[in-house]
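Pasting in a structure now, in structure tokens, and then I'll have a few things to ask.
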Amino acid sequence: MAKIRVRARAVDMLGRQQIAGIPTAIHELFKNAHDAFADSVEVDYFRADHLLVVRDDGLGMTLEDFETRWLTLGTESKVGANDPGAQSWTGPSSKPPRPIMGEKGIGRLAIAAIGPQVLVLTRAIRPAGLQPLVAALVNWRLFEVPGIDLDSIDIPVVKLPDGRLPNKEVIDNLVARVLANVDALGAKLPVDQADAIRSDLALMSFDPNLVQPQFSEPHLGQDRYGTQFYIRPCAAILPDDIDAGSEDVASPLQKMLLGFSNTMMPDRAVPVIKAEFRDHLEDGRTRELIGGNAFFTPAEFVAADHHIEGVFDEFGQFSGWVAVYNRAAVDHVIAWPGSTGRPTDCGPFRIKFAYLQGRMSESRLPPAEYSHISQKLNRIGGLYVYRDGIRILPYGNSDFDF
């Protein structure tokens with residue numbers, strides 16, 4: 001009886017080749033952190049070291065979780081999690097349930113778009129308490145080689161007791177095990193591919209204990225838990241995704257990642273997760289790219305000249321109010337002539353819209369405040385769409401929004 005065989009390239013085709021770019025890949029990791037009940041997810045890009053670190057303080061993974069979920073494609077772990085009545089443990093502080101952002105089980109493969117190799121460090125918290133730390137090393141280039149079956153690739157994994165972080169000796173052991181897999185594949189690996197993998201592995205010989213003190217929360221020291229990804233080397237286009245912006249145009253990375261959580265509305269609920277991205281330049285300076293005031297603030301939203309707020313029902317009818325130049329709001333009900341009594345495909349949704357006059361002379365804002373908000377609008381203005389407080393891509397770019 002015949003069986004379906006899976007080539008290793010299937011992982012590359014499902015992951016890296018399906019991702020639009022590095023910003024989209026990082027957004028996928030942000031969503032995974034959200035689903036792990038993290039309060040924060042942070043990215044640090046160390047340019048001089050060609051190292052990008054993604055950290056969260058979510059529930060983390062046990063060794064079994066890592067092997068049966070993270071290393072298993074098409075898992076059922078999130079299927080049905082959004083069904084009414086679905087029950088799951090939400091952490092030691094009993095956080096409210098969260099709508100699950102991803103159910104396909106392939107978001108983790110997006111890491112391959114950021115760099116060809118990743119060191120995974122994860123420590124889980126469970127009802128029974130803090131679990132041992134798990135470390136694993138994945139070189140994605142192995143999944144790009146034609147003619148290799150998936151079960152020919154070994155992923156070295158180690159479990160560390162007593163809550164300690166892996167040192168250089170542990171990492172070197174993981175590297176050696178990947179090298180042994182490369183040697184075992186022999187002639188199946190093209191020479192240039194094998195050389196590239198060996199070059200990658202040489203960069204992974206470092207001690208995470210020397211990097212960890214550079215981080216505040218979240219971190220994996222002492223009794224902390226969560227997941228960290230050390231991606232090294234990074235894809236050559238990452239600096240371009242960061243530096244392509246200007247005073248008038250946001251970089252591709254900022255366009256995708258700004259406003260991941262809805263921090264713009266004055267009366268919003270407190271976001272369940274905070275996302276930040278720091279760019280550590282080679283001259284020692286650090287730039288905050290998406291956190292703090294990089295996105296629109298509630299004060300800036302309120303300061304705008306005009307505001308519209310209301311609800312579009314399932315038939316496209318708008319019910320809400322319009323406030324012009326901070327005057328008293330006027331109620332409006334606007335029917336959609338094109339509905340013909342049929343429900344819309346998108347269903348009902350709420351909208352809040354702030355508008356700044358295009359000319360300073362027509363705005364009620366002082367010149368300095370007007371210039372600041374106007375410049376920010378030129379860079380990142382657009383229609384941002386949120387579901388359950390998390391931004392839906394790609395909406396938000398003024399070059400193709402309404």
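Values in this document were obtained by computation on a predicted structure and should not be read as measured data. We number each residue from 1, following the sequence as shown.
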Could you give the distance from CD (Glu288) to CZ (Arg278), rounded to the nearest 0.5 Å?
5.5 Å
CD of Gln212 to CG of Leu220: how many Å apart, nearest 0.5 Å?
5.5 Å
Under 3.5 Å side-chain donor-acceptor pair for Gln357 and His306
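There is such a pair between these side chains.
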Where do Gly60 and Asp65 come nearest, in terms of heavy atoms and distance?
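The pair with the smallest heavy-atom distance is O-OD2, 4.4 Å.
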Are the ring centres of Phe301 and Phe296 closer than 6.0 Å?
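Ring centres of Phe296 and Phe301 not closer than 6.0 Å.
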Does this structure show an ion pair linking Asp267 with Lys352, if we count only N-O contacts that are shorter than 4.0 Å?
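So Asp267 pairs with Lys352 through a salt bridge.
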Pairing donors with acceptors under 3.5 angstrom, does anything connect the side chains of Asp200 and Gln117?
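Result is no, nothing qualifies.
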Proximity of Phe260 and His27 rings by center, below 6.0 Å:
yes
For Tyr384, does the six-membered ring have the charged nitrogen or CZ of Arg391 within the cation-pi criterion, i.e. under 6.0 angstrom from the centroid and within 45° of the normal?
no
Just wondering, more than 12 heavy atoms not from Lys159 lying within 6.0 Å of its NZ?
no
Can a side-chain donor-acceptor contact be found between Arg359 and Ser361 if the only test is distance below 3.5 angstrom?
no
Any carboxylate oxygen within less than 4.0 angstrom of a Lys/Arg side-chain nitrogen, looking at Arg98 and Asp388?
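No, this pair does not count.
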Quick check, are the ring centers of Tyr45 and His280 under 6.0 angstrom apart?
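Ring-ring flag for Tyr45/His280: false, centres at least 6.0 Å apart.
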Crowding at CD, Glu64 (>12 non-hydrogen neighbours, <6.0 Å)
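No - once you tally the heavy atoms of other residues, nucleotides and ligands closer than 6.0 Å, there are 12 at most.
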Between Glu144 and Arg141, is there a salt bridge with N-O shorter than 4.0 Å?
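Result for this pair is no, no salt bridge flagged.
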Does this structure show an ion pair linking Arg55 with Glu217, if we count only N-O contacts that are shorter than 4.0 Å?
no
Arg47 vs Glu282, salt bridge (Lys or Arg N to Asp or Glu O under 4.0 Å): CA-CA, chis, key distance, verdict:
CA-CA 6 Å; Arg47 295 203 181 206; Glu282 295 187 27; over 6 Å; no
Ser363 OG to Leu365 CG distance, which is reported to the nearest 0.5 Å:
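Spacing of OG (Ser363) from CG (Leu365) equals 4.0 Å.
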Any ion pair linking Asp243 and Arg287 (charged N to carboxylate O, less than 4.0 Å)?
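Salt bridge flag = yes for Asp243 with Arg287.
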Point-to-point distance, once rounded to the nearest 0.5 Å, from CG of Asp207 to CG of Leu165
9.0 Å
Is it the case that more than 12 heavy atoms not belonging to Arg387 sit under 6.0 Å from its CZ atom?
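At most 12 heavy atoms, drawn from other residues, nucleotides or ligands, come within 6.0 Å of this atom.
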How long is the straight-line distance from CG of Asp39 back to NZ of Lys274, given to the nearest 0.5 Å?
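Reported to 0.5 Å precision, the distance equals 9.5 Å.
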So, taking the atom named CG in Asp223 and the one named CD1 in Ile125, what distance separates them when rounded to the nearest 0.5 Å?
8.5 Å
